[in-house]
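The structure appears right after this line, and notes come after that.
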Amino acid sequence: MTVRRISILGATGSVGSSTLDLIRQDRDRWQVVALTANCQAQELARLAREFSAEVAVVADEAHLPELRGALNGTPVTAAGGAAALTEAAARPADITVAAIVGCAGLAPTMAAIEQGQVVALANKEALVSAGDVMMAAVERAGTVLLPVDSEHNAIFQCLAGNDLAHVRSITLTASGGPFRDWSAAQLAVATPAQAVRHPNWAMGAKISVDSATMFNKGLELIEAWHLFPVGLDRLRIIVHPQSVVHSMVEYRDGSTLAQLGPSDMRVPIASCLAWPGRMDTPLPPLDLAALGELTFRAPDEVRFPATRLCREAAEAGGAMPALLNAANEVAVAAFLAGQISFTRIADTVAQVLDVSNDAAPPRSLDDVLWIDRAARQRAQSVLELV
Ligand code: NDP
């Protein structure tokens, strides 16, 4: 049995926990290299002890003394801060699961890619912001980016053994989120507690809000555009409330291949961990007879303008996707903090994009990070938070 070295960036989060759950099942196959968090030092220390990690890192250095205290007397190295996070991501590993939320995950993900590690990417904001810069790094390093996002993982599986040149279209499915059937008047007064209550998936707060606004699907459209270069005009979105069909690829001969499965992230994560093979997951088999019916409908871009804004940002190219992502991150944080209304999230992103159409395209990681910082300031001033 080959033991594989794995690092998990964002180990204390929803995707991180699902990944560790799979590793727990088959403990002897894995050597855990680095586990990281932002500020949950106690939880990170608990995981680092359980999985005998080589290093545990809190990105927020203020929590390093707490982490050190919690790991005292163990062989785990404790570290903190942005540089330590990037150094940990660059440690030799066979696979790195990039599961930090937001553009904060970009630099460590790039560090793992540059070391030639296979990266299982959940952190869609990093790819949306860095786009061509990240894909060029993947190519330079001669490595593989495995998509963890259930839709992209589905597409990756449906494309296996096929040529992109034969693809007529790729359709991303969207649950439509908790507000799928809400009126514009209801959306205007939606609360953070309502937004994070997703009907099908248990996820972190930020992606849950993105799912409610449909920015999640828009970000996924940009993610798919980079991962599967068939052209934006061949990428579609369809609302599928049951979240059973995770995405589809239509070929030129009229065949459509779809991937189905339970709405549990352990399925796409397992597909990445075992790639190019397969592994068991502790999930009940899909029971289509019990589900009864699968339904589909077109997205409503009037109530949910996010997918249109994302498509337009991708079409404009250059710095626009990074600007859009940063503005969305700021607006979602403000909504979760009770500072702005739900519908103001998309309005803020639109306003930031309107005033930023002269930004130069990023050519390096530093360029992307600079654009990200500038867009955050702009979003904060649009929201009058500075
Ligand atoms: P969570 O909020 O549950 O977890 C985020 C993780 O990132 C935590 O470990 C957190 O640490 C860490 N983190 C947060 N901020 C920073 C920072 N500034 N620097 C370093 N680390 C940080 O998020 P999810 O697991 O839900 O999502 C992670 C990523 O995966 C997102 O990009 C999301 O879009 C994507 N994704 C998630 C899915 C899901 O089902 N959850 C599905 C598909 C994609 P701490 O705990 O200390 O705050």
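All ligand and atom numbering here is 1-based and tracks the order in the structure. Just so it is clear, the model here is predicted, and its values are computed rather than measured.
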Checklist outcome for this item: Out of Leu47, Val101, Thr19, the nearest non-hydrogen contact to atom 5 (C) of ligand 1 is supplied by Val101
Item to check | Structural part of Met265 in contact with ligand 1, heavy atom criterion under 4.0 angstrom | outcome: side chain
Checklist entry - Tell me, which protein residue and heavy-atom name are nearest atom 27 (O) of ligand 1, and how many Å apart are they? => result Val15 CG2, 4.3 Å
Item to check | atom 28 (C) of ligand 1 - nearest protein heavy atom and its distance | outcome: Ala99 O, 3.3 Å
Checklist entry - Out of Lys217, Glu301, Glu220, which one pairs with Thr307 under the side-chain hydrogen bond (donor to acceptor under 3.5 Å, both in side chains) rule? => result Glu301
Checklist entry - Does Lys206 come within less than 4.0 angstrom of ligand 1, counting non-hydrogen atoms of the residue? => result no
Next on the checklist: Checking the N or O distance criterion of under 3.5 Å, is ligand 1 in contact with Ser150?
Outcome noted: no
Item to check | Test item: side-chain donor near acceptor, Gln157 and Asn153, under 3.5 Å | outcome: yes
Item to check | Atom indices of ligand 1, in the order listed, that fall short of 4.0 Å to a heavy atom of Glu125 | outcome: 31 (C), 32 (O), 34 (O)
Item to check | Sidechain-backbone polar pair: Thr143 side chain, Gln117 backbone, donor-acceptor under 3.5 Å | outcome: yes
Next on the checklist: Check this for me - ligand 1, Ser14, N or O atoms closer than 3.5 angstrom, yes or no?
Outcome noted: yes
Checklist outcome for this item: Checking heavy-atom distances from atom 44 (C) of ligand 1 to each of Ile8, Val58, Asp149, Leu35, the winner is Asp149
Checklist entry - Just wondering, more than 12 heavy atoms not from Asp280 lying within 6.0 Å of its CG? => result no
Item to check | Where Ala120 and Ile95 come nearest, the two heavy atoms and their spacing | outcome: CB-CD1, 4.2 Å
Item to check | Contact check: Gly204 vs ligand 1, nitrogen or oxygen atoms, below 3.5 angstrom | outcome: yes
Checklist outcome for this item: Closest to atom 20 (C) of ligand 1 by heavy-atom distance, out of Ala59, Ala98, Ala82, is Ala59
Item to check | Non-hydrogen atom of Ala11 closer than 4.0 Å to ligand 1 | outcome: yes
Item to check | Distance filter under 4.0 Å to Asn123 heavy atoms, resulting ligand 1 atoms | outcome: 32 (O)
Checklist entry - Do Gln242 and Thr295 have side-chain atoms, one donor and one acceptor, less than 3.5 Å apart? => result yes
Checklist entry - When you measure from atom 36 (N) of ligand 1 to every protein heavy atom, which one gives the shortest distance, and what is it? => result Ile207 CD1, 3.6 Å
Checklist entry - Considering all heavy atoms of both residues, which atom of Ser175 and which atom of Arg180 are nearest to each other, and what is their separation? => result O-NH1, 2.9 Å
Next on the checklist: Take a 6.0 Å sphere around CH2 of Trp370 and say whether it holds more than 12 heavy atoms from other residues, nucleotides or ligands.
Outcome noted: no
Checklist entry - Between Phe342 and Phe179, how do the two ring planes meet: parallel, tilted or perpendicular, split at 30° and 60°? => result perpendicular
Item to check | Geometric N/O contact Ala104 with ligand 1, under 3.5 angstrom | outcome: no
Checklist entry - Is the shortest N/O to N/O distance between Cys39 and ligand 1 below 3.5 Å? => result yes
Next on the checklist: Counting only heavy atoms closer than 4.0 Å, does ligand 1 sit against the backbone of Ile100, its side chain, both, or neither?
Outcome noted: both
Item to check | Donor-acceptor pair between Ser243 and Asn200 side chains, under 3.5 angstrom | outcome: yes
Next on the checklist: Judged on heavy-atom distance to atom 17 (C) of ligand 1, which of Asn38, Leu121, Asp264 sits nearest?
Outcome noted: Asn38
